[in-house]
Amino acid sequence: MRHAAPQDQDEAVAAIHAAILRIPKGWIATYGQIAAMAGLPRRARLVGRVLQRLDPATKIPWHRVINAKGEVSYSSSRNGGDSLQQHLLEREGVEFDARGRCDLRRFRWLG
DNA sequence: GTTATGACTTCAC
DNA sequence: CGTGAAGCCATAA
């Protein structure tokens, strides 16, 4: 058989969603961390791609997912507001720097 | 088929 | 801590 896993990618996306949903409130996780706990060690980019393509009314706490720099990633065509994500995190107790960065070693979810 | 781009990561300077 | 370069993977043209 040539195709052993035709919808393998779909499972990966589902795993990413589950991992993000697993993040407790007031904590944050990086793309690489999410990818790793989802079983995708080298697919941090895939996580970002999934988050950009998910629905505007999703129940996924996408605002808890940030990059390795501890800052909220921004896109040219992101849907919604620019400071929305930071605002949501601040609401959950995450402190942000004046530059829009937070201390990863303090708020990063260990899993 | 190749080339370019992107909600990324990591190392080196 | 900032900037630059290389790496990895999926989507689009």
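Throughout, protein chains are lettered first and strands after them, A, B, ... in sequence-line order, and every chain is numbered starting at 1.
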| request: Considering just the side-chain nitrogens and oxygens of A:Ser73, establish if one lies under 4.0 Å of OP1 or OP2 belonging to B:dC8. | output: yes
| remark: Of C:dA10, C:dG2, B:dT9, the nucleotide closest to the side chain of A:Ala68 is B:dT9
| query | So what does A:Arg43 touch, heavy atoms closer than 4.0 Å: a base, only the sugar-phosphate, or nothing? | reply | sugar-phosphate
| request: Can you tell me the distance, in whole Å, between the CZ atom of A:Arg45 and the P atom of B:dT10? | output: 13 Å
| said: Using a heavy-atom cut-off of 4.0 Å across all strands, would you classify A:Arg42 as base, sugar-phosphate, or nothing? | reply: sugar-phosphate
| query | Any side-chain N or O of A:Arg53 under 4.0 Å from OP1/OP2 of B:dG6? | reply | no
| remark: Heavy atoms of A:Ala15 and A:Ala38 approach each other most closely as CB-O, 3.5 Å
| task | Indicate yes or no: at least one non-hydrogen side-chain atom of A:Trp62 is less than 4.5 angstrom from one of A:Ile20. | result | no
| said: Looking at A:Glu71 and A:Arg99, is any side-chain nitrogen of the basic one under 4.0 Å from a carboxylate oxygen of the acidic one? | reply: no
| message | Quick check: do A:Leu51 and A:Ile16 have side-chain heavy atoms less than 4.5 Å from each other? | response | no
| Between atom NZ in A:Lys69 and atom C1' in B:dC11, what is the gap in whole Å? | 14 Å
| query | Would you say A:Gln85's side chain and A:Val65's backbone share a donor-acceptor pair under 3.5 angstrom? | reply | yes
| message | In this structure, how many angstroms lie between the P atom of C:dA10 and the CG atom of A:Asp10, rounded? | response | 14 Å
| task | Measure from CD1 on A:Ile34 to C1' on B:dA7 and round the result to the nearest Å. | result | 13 Å
| request: Using whole Å, report how far CG of A:Leu40 lies from P of B:dC8. | output: 16 Å
| Closest-nucleotide ordering on DNA chain B, the 5'-leading residue of A:Thr30 and A:Arg49 | A:Arg49
| How many Å lie between CG on A:Asn67 and P on C:dC8, as a whole number? | 20 Å
| note | A:Tyr31 OH to B:dA7 P, in whole Å, measures 9 Å
| message | Taking only side-chain N and O atoms of A:Gln52, does any of them lie within less than 4.0 angstrom of OP1 or OP2 on C:dT11? | response | no
| query | To the nearest angstrom, how far is A:Gln33 atom CD from B:dT10 atom C1'? | reply | 15 Å
| remark: Closest to the side chain of A:Ala44, out of B:dT9, C:dA10, B:dA7, is B:dT9
